[in-house]
Amino acid sequence: MATVDPCIVEYHGGGGAHKCGYCGNNGSCSHGLWAHSLTVQDYQDLIDRGWRRSGKYCYKPTMNKTCCPNYTIKMEALNFKMNKSHKKILKQMNKYLIHGTVKGEPAKSSETKPKPEVSGAAKPTEDSTSGNITDATPGHAPKAPPRPGSGADPNKPQMRKAKDIRLERKQSRNLIKLQSMTEEEAKAAQELVKGLDREASTMSTMSICSSKNEAKTLADYLSEPDKAEKCVHKLEIRLVRTAPQSNEFKSSDKESAEVFKKYQMKVHKDQPYECDRDQWLNFLVHSPLKEETKKGGLPQGYGSFHQHYILDGKIIAVGVIDILPYCVSSVYLYYHPDYDFLSLGTYTALREIAFVQELNKKAPDLIYYYMGYYIHSCPKMKYKGQYFPSFLLCPETYTWLPIAECAPKLDVNKYSRFAADDVEDDGAKLEIDTVLVLFCRQIMTYEIYKALNAKARDAKEVMEYALFVGRKCAQRLLLFRKS
């Protein structure tokens, strides 16, 4: 029953209710475990049962009790459809990178135009006879002749556009030609015109279809600055491994930690001691995931990483991600508050989706982008449902359903089962005696553990743990038991 390089966890069960970060009430409930080490497949299986990690601590909301149920959400990156808001943010970023244009600021070449004067029909005028102000509307006062240079002379014919004059002359010439044609020549000319009209209509339809088929992709938008002849700003995305810490990570950790501190203090109103270097390390750097590489797999391998968004040589944002067998899991994002005008939250999410699409070319099983938790009862968290196509995890059967099918149920009850009544949780089909435990530095089943430790009274806790992590993890992870 020996396991090579075993993965060890300590289960902490469910604690009491505490303050919720979403609604502010003291009704947030969850279960937790401390992961000393996990394989990427272990963590993939855990998040597919509603778990998430914060550093090495993994937690799972007690869905039927917590004030704001957290539903695991994933998006199928290969079939991602951008909406207008996504395209707008990508265009704004590209304008900033290529031209230096900032959203809301006028272009440098624009000139301030004088405000147009109120038209004569609505502009108050002074009656020369009485000195009173009257409305110059029809029936109230005669229209005064324009002064020189103040407008068009009504006594002269209205000016016409040159293209209208050319069109009229052409129509006159064609009419003269038709009148001089014989009846047979006129019929032949009419047939020719009809044929040209049909051809033009076909070409127009083909053009419309072609434009639809050639709609710009996410990759097209992101590559625009690379294709520009010259850019005002340069943006580089650099992937650095955090567990174990790579040399690239170590060389930039001070700068990255400083951005985190500024973000937490500005956006989340943290005190300096709440977002110091130690907090940053425990929260976003330390990870239980083991580094994993395999032949023919991803060049950078699997595990925990930071994506540095480097603008003109400075880190302005950091995306904390886990690369797992079937997905890229977004852990956290922090950015320099001075660059919030770039909508970095959405922009980096789109970048991560594009990253999944790139990874899929070398790892065909990696097709999903996990966005963390979707909270239907929290307006600030519902935006994740705008990434299409997205799926929510049923909290009772751990099966995935399209968010469009789940939302109507969540409109009625904030906690809901999504799957049909006849669907069961396959991960719950296990015997407690088969759960693996680590006792006195020995790996054994729970059945042997009970035989060796007659004082054991933890069957209820072990069974709860096994149900929450599922059959696969319960028979693969080592649950630490005290002697």
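All figures in this text were calculated on a predicted structure; none of them were measured in a lab.
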Review point. When rounded to the nearest 0.5 angstrom, what distance separates NZ in K19 from SG in C67?
Key: 11.5 Å

Point to revise | Between Y332 and F283, ring centroids under 6.0 Å | key: yes

Review point. Relative to each other, are the rings of F468 and W51 parallel, tilted or perpendicular (30° and 60° limits)?
Key: perpendicular

Check your understanding: Is the shortest heavy-atom distance from the side chain of C327 to the side chain of V356 under 4.5 Å?
Key -> no

Check your understanding: Would you say the side-chain atoms of S223 pair up with the backbone N or O of D220, donor to acceptor, closer than 3.5 Å?
Key -> yes

**Study point:** Cationic N near anionic O, under 4.0 Å, K361 to E358
**Key:** yes

Review point. Just by modelled atom types, is the Y415 backbone N or O under 3.5 Å from a matching donor or acceptor in the N413 side chain?
Key: no

Review point. Within the side chain of D276, is there an N or O that forms a donor-acceptor pair under 3.5 Å with the backbone of D278?
Key: yes

Exercise for review: Please state whether the rings of Y449 and Y446 are parallel, tilted or perpendicular, taking 30° and 60° as the class boundaries.
Suggested key: tilted

Review point. With a cut-off of 6.0 Å (strictly less than), are more than 12 heavy atoms of other residues, nucleotides or ligands near CD of E424?
Key: no

Practice item. Check whether the ring centres of Y96 and F341 lie less than 6.0 Å apart, and answer yes or no. Key: yes

Exercise for review: Run the salt-bridge test on D48 and K74 with the 4.0 Å N-O cut-off and return the result as yes or no.
Suggested key: no

Check your understanding: After noting the C-alpha distance and the side-chain angles of L333 and V318, does the key distance pass the side chain to side chain contact (heavy atoms under 4.5 Å, CB included) rule?
Key -> CA-CA 6 Å; L333 169 79; V318 177; 6.0 Å; no

Point to revise | side chain to side chain contact (heavy atoms under 4.5 Å, CB included) evaluation trace for V267 with K262 | key: CA-CA 8 Å; V267 177; K262 290 180 179 179; over 6 Å; no

Check your understanding: Are Y71 and F418 near enough that their ring centres are under 6.0 Å apart?
Key -> yes

Practice item. Could you check if a side-chain atom of H36 sits within less than 4.5 angstrom of a side-chain atom of P288, using non-hydrogen atoms only? Key: no

Exercise for review: Using a strict cut-off of less than 4.0 Å between a Lys/Arg side-chain nitrogen and an Asp/Glu carboxylate oxygen, indicate whether R53 and D322 qualify as a salt bridge.
Suggested key: yes

Review point. Say you draw a straight line from CZ of R241 to OG of S287; how long is it, rounded to the nearest 0.5 Å?
Key: 9.5 Å

Check your understanding: Under 6.0 Å between the ring centres of H31 and Y465?
Key -> no

Practice item. Spell out, as yes or no, whether a donor-acceptor pair under 3.5 Å connects the side chain of T348 to the backbone of L344. Key: yes

Check your understanding: Is it true that D340 and K266 have a side-chain N and a carboxylate O under 4.0 angstrom from each other?
Key -> no

Practice item. Show your working on side chain to side chain contact (heavy atoms under 4.5 Å, CB included) between Q245 and V285 and close with a plain yes or no. Key: CA-CA 8 Å; Q245 297 178 13; V285 177; 3.7 Å; yes

Practice item. Dump the intermediate steps for side chain to side chain contact (heavy atoms under 4.5 Å, CB included) on I237 and I310, then the final yes or no. Key: CA-CA 6 Å; I237 291 83; I310 304 170; over 6 Å; no

Check your understanding: Less than 6.0 Å separating the ring centroids of Y387 and H86?
Key -> yes

Exercise for review: Examine distances only and state if a side-chain atom of N70 and a backbone atom of C68 form a donor-acceptor pair shorter than 3.5 Å.
Suggested key: yes

Review point. Looking only at heavy atoms, what is the nearest atom pair of L222 and L350, with distance?
Key: CD1-O, 4.5 Å

Point to revise | Worked check of side chain to side chain donor-acceptor pair (under 3.5 Å) between Q357 and N360 | key: CA-CA 5 Å; Q357 295 173 347; N360 174 262; over 6 Å; no

Exercise for review: Step through the shown structure and confirm whether more than 12 heavy atoms of other residues, nucleotides or ligands are within 6.0 Å of NZ on K409.
Suggested key: yes

Check your understanding: For atom CZ of F388, is the number of surrounding heavy atoms from other residues, nucleotides or ligands below 6.0 Å larger than 12?
Key -> no

Review point. Could you go step by step and tell me if E352 and Y369 meet the side chain to side chain donor-acceptor pair (under 3.5 Å) rule?
Key: CA-CA 8 Å; E352 290 173 356; Y369 176 57; 2.5 Å; yes

Review point. Within the distance-only criterion (no hydrogens, no angle test), does the side chain of T66 pair as donor or acceptor with the backbone N or O of C29 below 3.5 angstrom?
Key: yes

Review point. Is K95 atom NZ crowded by more than 12 heavy atoms from other residues, nucleotides or ligands, each under 6.0 Å away?
Key: no

Review point. Does M444 reach the side chain of L452, with side-chain heavy atoms less than 4.5 Å apart?
Key: yes

Review point. Of all residues at least two apart in sequence or in a different chain, which pass the salt bridge (Lys or Arg N to Asp or Glu O under 4.0 Å) check with E248?
Key: none

Check your understanding: Is the Y374 ring parallel, tilted or perpendicular to the H376 ring (thresholds 30°, 60°)?
Key -> tilted

Review point. Given R49, which of L467, D425, T72, V469 fulfils the side chain to side chain contact (heavy atoms under 4.5 Å, CB included) condition?
Key: D425

Point to revise | Nearest-0.5 Å distance, OH of residue Y373 to SG of residue C378 | key: 15.0 Å

Review point. So do Y302 and K294 actually touch side chain to side chain, heavy atoms under 4.5 Å?
Key: yes

Exercise for review: Go through the side-chain N and O atoms of S28 and Y22 and say whether any donor and acceptor fall under 3.5 Å apart.
Suggested key: no

Point to revise | Beyond-backbone contact of N79 with I367, side-chain heavy atoms, under 4.5 angstrom | key: no

Check your understanding: Any sub-3.5 Å donor-acceptor pair from S343's side-chain atoms to T346's backbone N or O?
Key -> no

Practice item. Could you tell me whether the side chain of R457 and the main chain of K460 form a donor-acceptor pair under 3.5 Å? Key: no

Review point. Quick one: CG on L289 to OG1 on T39, what's the gap to the nearest 0.5 Å?
Key: 8.5 Å

Review point. Going by heavy atoms in the side chains, are I323 and V40 under 4.5 Å from each other?
Key: no

Exercise for review: Rounded to the nearest 0.5 Å, what's the gap from CD on E405 to CZ on F391? Could you check?
Suggested key: 9.5 Å

Exercise for review: Answer yes or no: is there an ion pair linking E274 with K261, defined by an N-O contact shorter than 4.0 Å?
Suggested key: no

Exercise for review: Can you establish whether the number of heavy atoms outside Y326 located under 6.0 Å from its atom OH is more than 12?
Suggested key: no

Review point. Below 4.5 Å, heavy atoms only, C-beta onward: do M75 and Y368 meet side chain to side chain?
Key: no

Review point. Between Y263 and H336, is the gap from one ring center to the other below 6.0 Å?
Key: no

Review point. So, R471 and D426, do they make that salt bridge, N to O below 4.0 Å?
Key: no

Check your understanding: Just wondering, are more than 12 heavy atoms of other shown residues or ligands nearer than 6.0 Å to CD in E236?
Key -> yes

Practice item. Could you tell me the separation between the SG atom of C58 and the OH atom of Y43, rounded to the nearest 0.5 Å? Key: 6.0 Å

Review point. Hey, is D253 close enough to R277 for a salt bridge, meaning N to O under 4.0 Å?
Key: yes

Point to revise | Enclosure of N247 CG (heavy-atom neighbours >12, cutoff 6.0 Å) | key: no

Review point. Hey, mind stepping through W34 and Y11 against side chain to side chain donor-acceptor pair (under 3.5 Å) and telling me if it holds?
Key: CA-CA 7 Å; W34 184 265; Y11 182 62; over 6 Å; no

Point to revise | Contact check, side chains of L218 and L90, non-hydrogen atoms, under 4.5 Å | key: yes

Exercise for review: Apply salt bridge (Lys or Arg N to Asp or Glu O under 4.0 Å) to the pair R476 and D45, showing each step before the final yes or no.
Suggested key: CA-CA 11 Å; R476 198 165 59 222; D45 292 337; 2.6 Å; yes

